[in-house]
Every structure is written in structure tokens, then in C-alpha cells.
**Q** 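Take this structure first; my questions come after.
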Amino acid sequence: MEILSSIKEIKQTLDKERQKNKTIGFVPTMGALHQGHLSLVDQCVRENEVCVVSIFVNPTQFNDPRDLDTYPRTLEADYALLEREGCHYVFVPSVEEIYPEPDTRVFEFGRLAEVMEGKYRPGHFNGVAQVVSKLFDIVEPTNAYFGEKDYQQVAIIRKMVSQLQLPVIIHACPILRESDGLAMSSRNVRLSALQRQKAPLIARTLKESTNFVSAKSVSEVIDYVVQTINKEPDMRVEYFEIADAYTLEPISKWSDAEAVVGCITVYCGEVRLIDNIRYL
Ligand code: AMP
């Protein structure tokens, strides 16, 4: 496995691979890798001749400077995990390498970027689009892998790829969970022992709520989920929305959409956790 940090180096290296007609798969990450990330890498390794993983904590997608400062960074451990997973190239650029000057591009994703995460993290998806478009430009992958844990992010990336007419296939991969159901996240290490014990309530409540679809209305299910989680001291639901799984527009009746997803963000103490579940 090779670790590269300059754009010039990785472009040259991947051009050589392309000349040999090798397919290039790509997994963008912010590091602090866990099994969730590695499941994406595993799929990438299986489906491509060359697997590239980037590790870059992208400042432009953090709307909260404290979140950026406290974001876990575990590069050496990440390299060891990626090597074991069969990754071929790790791209670890500096902030100056990616942003030699401020990125002033403004993407227009319409409603898709205004709902849910878009409402609570203004500018977040613009930052995601800035970095992912740059990374796609550098790596030029045939396939790119994203986790469904960041459900809205996958929708945004698909929209960006279609707007920019990029020749990359986006793969959405299932959420990996701890054995108690908690969605794996780099942020989980910031939970106290007690918070870690309580955090699986989010996934448990979401899962339970899927049993109510035929008996309860959409707003009753929303109330159930929000109240159940908010009852726990130290946990506060920022938003929970039940939405059309494609447009992410909130629905008011189950029959409003063919595919339905529930997306939630919960503050567990100071730690912001997200999760989602399919209803239909
Ligand atoms: P991040 O490092 O948080 O930006 O995540 C990098 C990629 O890994 C994103 O596409 C995430 O959606 C994905 N990912 C993060 N956590 C999980 C998980 N628990 N299961 C599957 N994919 C995940």
C-alpha cells in the first residue's frame, strides 16, 4: 500500500494504472476509521482492480469550529487497517494541497440541501460537494463508495454527479452497526462510558417504530420516536423526519411516497449522532 499526499503524485500514479486499463475504485473518508468505513473499502477492493482511499478532514464542511477541532485523528491506526483490508493507495493531502486558495464555488442542490442536515448544518453540503468534486477530479474513479449512514449525503453526491455529468458510478453501502445496534461512527469515541451505554436507544427506537407503520400515522410515529429518545436525560433529538426516500421531502401520509426513510439526529451530551431507517 502506498501513501501519497500530493495531487501531482497521486494523479501520475493513477494515470499509470489507467494506462494498464485498470478500474479504479474510490472511498473518500475523514479518517478515524472503523468497521463501517472498512466495509466500503472491502466492497471497493472486491469490485475494482485498484482501490484508493482518501483521508482528509475537510474544513469547509464543518459549520461548527469546535466539531472540527475535536474531530478524532488516528492516521497511523488508519493506515494499518487499510493495509489489512487490501487498499492500494491512500491519499492524505494537507488542507493547503486541497485549498491553495479558498473555494468560492456555490452548488445549487435546491430543496435536497435545505431539508434535514441542510437546515441544521448550513453550508455543510456545499463543503461536501466542494471536496468530493475536487477528489473526483483528482482520482477520476470509475466507482465511488459512500455509506447510507449519511443518507442525505449520498443523495447530494448523486445530484452533484448528475449536474456535473461526471463519469463515476456512485455506490450506496449499508450502515454498519455495533452489536447493540449503534450506528458505527468516528464520533462514537467521544461518548462517555455512560453515554455509550445509552446511545443504542436511537437505533432501537427507530427499529421498533417500523412495526407501527400499519397502525399509526406518520406524525404519531414521529412523536413516538422523539418522545422516547428525549425521555432519556442527556439525549436530545435535533430533528427526526420521515421523508420520501428519493426527494427527502417530508411526507404526511405513508402513501405519499413509494419508498420512505426516517432520518434522525440526536445530541448525546455534546456528541452529534445521526442514523436513519427505511420504513417502506
Ligand atoms: P466519514 O469519514 O465520516 O466522512 O465517512 C466516510 C464514509 O464512510 C462515508 O461515505 C460514510 O457514510 C461512511 N460511513 C461512516 N460510517 C458508516 C457506517 N456505520 N456504515 C457504513 N458506512 C459508514
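Start at 1 with the first residue, then count along the sequence. Counting starts at 1 for both ligands and their atoms, in listed order.
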**Q** Where the side chain of Gln152 meets the backbone of Val115, is there a donor-acceptor pair that is under 3.5 Å apart?
**A**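 A pair under 3.5 Å: yes.
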**Q** Mind running ring pair (Phe, Tyr, Trp, His ring centres under 6.0 Å) on Tyr120 and Tyr239 for me, showing each step along the way?
**A** CA-CA 9 Å; Tyr120 291 91; Tyr239 68 82; 5.2 Å; yes
**Q** Purely on distance, is any nitrogen or oxygen of Met30 under 3.5 Å from one on ligand 1?
**A** yes
**Q** Can any side-chain N or O of Asn126 pair as donor or acceptor with the backbone N or O of Phe107 at less than 3.5 Å?
**A** yes
**Q** Among protein heavy atoms, which lies nearest atom 21 (C) of ligand 1, and at what distance?
**A** Pro174 O, 3.4 Å
**Q** Within the structure, does Gly147 bring an N/O atom to less than 3.5 angstrom of an N/O atom in ligand 1?
**A** yes
**Q** Less than 3.5 Å between some nitrogen or oxygen of Ser39 and one of ligand 1, yes or no?
**A**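 Min N/O separation from ligand 1 is not below 3.5 Å for Ser39.
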**Q** Could you tell me the residue and atom name of the protein heavy atom closest to atom 3 (O) of ligand 1, and the distance to it rounded to 0.1 Å?
**A** Tyr71 OH, 3.7 Å
**Q** Could an N or O of ligand 1 be found under 3.5 Å from any N or O of Leu40, whether backbone or side chain?
**A** no
**Q** If you measure from each non-hydrogen atom of Cys173 to ligand 1, which part falls under 4.0 Å: side chain, backbone, both or neither?
**A** neither
**Q** Give a yes/no on ligand 1: does His34 have at least one heavy atom closer than 4.0 angstrom to it?
**A** yes
**Q** Below the 3.5 angstrom mark, is there an N/O of Met184, backbone or side chain, next to an N/O of ligand 1?
**A**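 Yes.
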**Q** If Ile, Leu, Val, Met, Phe, Trp and Tyr residues are connected whenever their side-chain heavy atoms lie under 4.5 Å apart, and connections chain through other members, are Ile55 and Val41 in the same group?
**A** yes
**Q** So, are Glu97 and Lys8 salt-bridged, with charged N and O less than 4.0 Å apart?
**A** no
**Q** Using the side chain to side chain contact (heavy atoms under 4.5 Å, CB included) definition, which of the options Val27, Leu33, Leu176, Val45 pairs with Leu40?
**A** Val27
**Q** Which protein non-hydrogen atom lies closest to atom 12 (O) of ligand 1, naming both residue and atom, and how far is it?
**A**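 Residue, atom and distance for the closest contact: Asp150 OD2, 2.6 Å.
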